[in-house]
Amino acid sequence: KVQISNTTNSHIQFTGLRLSTLEGKVLSDEKVFTYVLSGQAYHWDIKLKQPVLTNKLLLQASSDRDEIKVTVDLGAPVAVP
């Protein structure tokens with residue numbers, strides 16, 4: 001599950017979500033068309049292409065503004081199904 005919170009003063013339209021390992025192995029690449037209003041949050045249930053054992057992932061989100069890139073720390077290494 002991926003959750004994004006909009007802390008800006010206007011809406012954001014998301015058009016794509018990509019999860020990958022820090023080494024660049026793509027685990028999920030989904031087209032989405034979702035508006036997130038100011039002060040609101042939204043979550044997506046993401047299905048991965050294959051399991052991976054890691055403690056960090058790279059999330060890239062395409063929007064009507066900019067591309068967002070963040071490293072997601074999962075804590076201890078876990079097998080992500």
Side-chain angles (χ1 to χ4, degrees):
K1 182 184 281 192
V2 171
Q3 179 170 316
I4 295 180
S5 298
N6 181 357
T7 59
T8 69
N9 292 325
S10 62
H11 79 273
I12 300 174
Q13 179 186 7
F14 290 96
T15 56
L17 296 174
R18 175 182 283 188
L19 278 174
S20 59
T21 64
L22 298 183
E23 295 77 27
K25 185 176 189 177
V26 176
L27 303 173
S28 177
D29 192 5
E30 297 188 12
K31 301 288 183 204
V32 297
F33 297 97
T34 305
Y35 281 94
V36 182
L37 301 176
S38 176
Q40 299 293 312
Y42 190 87
H43 77 268
W44 295 270
D45 292 320
I46 303 294
K47 295 184 191 230
L48 301 182
K49 294 178 181 180
Q50 61 190 63
V52 64
L53 181 61
T54 187
N55 65 339
K56 292 186 181 185
L57 294 176
L58 177 64
L59 169 65
Q60 295 172 270
S62 302
S63 75
D64 60 346
R65 295 184 180 195
D66 295 317
E67 183 173 72
I68 300 165
K69 291 183 181 181
V70 299
T71 301
V72 179
D73 188 350
L74 304 173
V78 295
V80 181

Which pair of heavy atoms, one from Ser28 and one from Lys47, lies closest together, and at what distance?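 Heavy-atom minimum between the residues: OG-O, 3.4 Å.
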
So, for Thr15 and Ser63, which heavy atoms are closest and what is the spacing to 0.1 Å?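 In this case the closest contact between Thr15 and Ser63 is OG1-N, 4.1 Å.
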
Please check if the side chain of [X] supplies one atom and the backbone of [Y] the other of a donor-acceptor pair under 3.5 Å.
X     : Y     : answer
Thr21 : Lys25 : yes
Ser62 : Glu67 : no
Asn6  : Gly39 : no

For Tyr42 and Val36, what are the C-alpha separation, side-chain angles and deciding distance, and is it a side-chain contact (heavy atoms from CB on, under 4.5 Å)? CA-CA 7 Å; Tyr42 190 87; Val36 182; 3.7 Å; yes

If the plane angle is over 60° it's perpendicular, under 30° parallel, otherwise tilted; pick one for Tyr35 and His11. tilted

For Asn9, is the CG atom crowded, meaning more than 12 foreign heavy atoms sit under 6.0 Å from it? no

Look at atom NZ of Lys56 and say whether more than 12 heavy atoms of other residues, nucleotides or ligands are closer to it than 6.0 Å.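 No, the 6.0 Å shell around NZ holds no more than 12 heavy atoms from other groups.
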
Nearest-0.5 Å distance, CG of residue Asp73 to OG1 of residue Thr71: 9.0 Å

As an exercise, state the distance from CG of Leu17 to CD1 of Ile4, rounded to the nearest 0.5 Å.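 Those atoms lie 5.5 Å apart.
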
What I'd like to find out is whether the side chain of Trp44 reaches to under 4.5 Å of the side chain of Thr34, using heavy atoms alone.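 Yes - at least one pair of side-chain heavy atoms lies under 4.5 Å apart.
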
4.5 Å side-chain heavy-atom contact, Val2 and Leu59: yes

Matching residue for Lys49 among Leu27, Val26, Leu19 - test: side-chain contact (heavy atoms from CB on, under 4.5 Å): Val26

Connecting only ILVMFWY residues whose side-chain heavy atoms lie within less than 4.5 Å of each other, what is the rest of Leu37's hydrophobic cluster?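 Besides Leu37, the hydrophobic cluster comprises nothing; the residue is isolated.
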
Checking one residue: Leu22. Which other hydrophobic residues are in its cluster under the side-chain 4.5 Å linking rule? Leu58

The test is side-chain contact (heavy atoms from CB on, under 4.5 Å); show your working for Val72 and Val70 and say whether it passes. CA-CA 6 Å; Val72 179; Val70 299; 4.3 Å; yes

Working for side-chain contact (heavy atoms from CB on, under 4.5 Å), residues Asp64 and Ile12: CA-CA 7 Å; Asp64 60 346; Ile12 300 174; 3.8 Å; yes

